[in-house]
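Here's the structure, in structure tokens; my notes come after.
The analysis underlying the following values was restricted to heavy atoms, covering all of them including side chains, and did not include hydrogens, waters or symmetry mates.
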Amino acid sequence: MPLYHTISIMMVTHSVKVAAMSDKVLYLIDGDIQGEIELGKLGSDAELGERERRLSSWLMERGW
């Protein structure tokens, strides 16, 4: 029986460009989670611009 492992990496950044490459983004203020957005798997580099716009808009709605 195969054994599968999942790996999670937590990265902290102020860069929308870098954050847009992730599957999920958590927005924190003073260590408290204020919001969460699921971007899903990045299929191609061509998607990156739209993901950045979507994420930037979502962050602005939360006062970033």
Side-chain angles (χ1 to χ4, degrees):
M1 176 182 270
L3 181 62
Y4 295 97
H5 298 279
T6 58
I7 297 173
S8 296
I9 297 172
M10 179 177 279
M11 173 179 52
V12 177
T13 183
H14 291 116
S15 170
V16 172
K17 184 180 244 19
V18 172
M21 294 181 205
S22 63
D23 299 343
K24 181 192 294 187
V25 175
L26 302 176
Y27 179 59
L28 292 100
I29 296 178
D30 295 330
D32 293 321
I33 297 173
Q34 301 296 311
E36 176 179 328
I37 185 170
E38 293 271 351
L39 297 173
K41 298 278 185 208
L42 179 61
S44 69
D45 289 344
E47 295 176 30
L48 198 50
E50 177 55 34
R51 288 169 70 103
E52 287 176 33
R53 283 186 288 280
R54 181 176 168 210
L55 181 57
S56 183
S57 175
W58 180 80
L59 287 167
M60 292 300 171
E61 289 171 6
R62 278 145 191 82
W64 185 67

Taking all heavy atoms of Glu38 and all of Arg54, pick out the closest pair and write down the distance. O-NH2, 3.3 Å
So how far is it from His14 NE2 to Leu59 CG, rounded to the nearest 0.5 Å? 10.5 Å
Spatial distance of atom CE (Met21) from atom OG (Ser15) [nearest 0.5 Å]: 7.5 Å
Between Arg51 and Gly40 (side chain of the first, backbone of the second, donor and acceptor by atom type, cut-off under 3.5 Å), is there such a pair? yes
Heavy-atom pair of closest approach, residues Thr13 and Val18: OG1-CB, 4.1 Å
With a 3.5 Å distance limit and no angle check, can you tell me whether Ser22 reaches the backbone of Ala19 through a side-chain donor-acceptor pair? yes
If hydrophobic clusters are built by linking Ile, Leu, Val, Met, Phe, Trp and Tyr wherever their side-chain heavy atoms come under 4.5 Å apart, do Trp64 and Val25 end up in the same one? yes
Indicate, with yes or no, if Val16 and Met60 share a hydrophobic cluster defined by side-chain heavy-atom contacts under 4.5 Å among Ile, Leu, Val, Met, Phe, Trp and Tyr. yes
Other residues, nucleotides, ligands: >12 heavy atoms within 6.0 Å of Asp45 CG: no
For the atom pair CZ (Arg62) and CD1 (Ile37), what is the distance rounded to the nearest 0.5 Å? 7.0 Å
Please say yes or no: joined through hydrophobic side-chain contacts below 4.5 Å, possibly via intermediate residues, are Leu48 and Trp58 part of one cluster? no
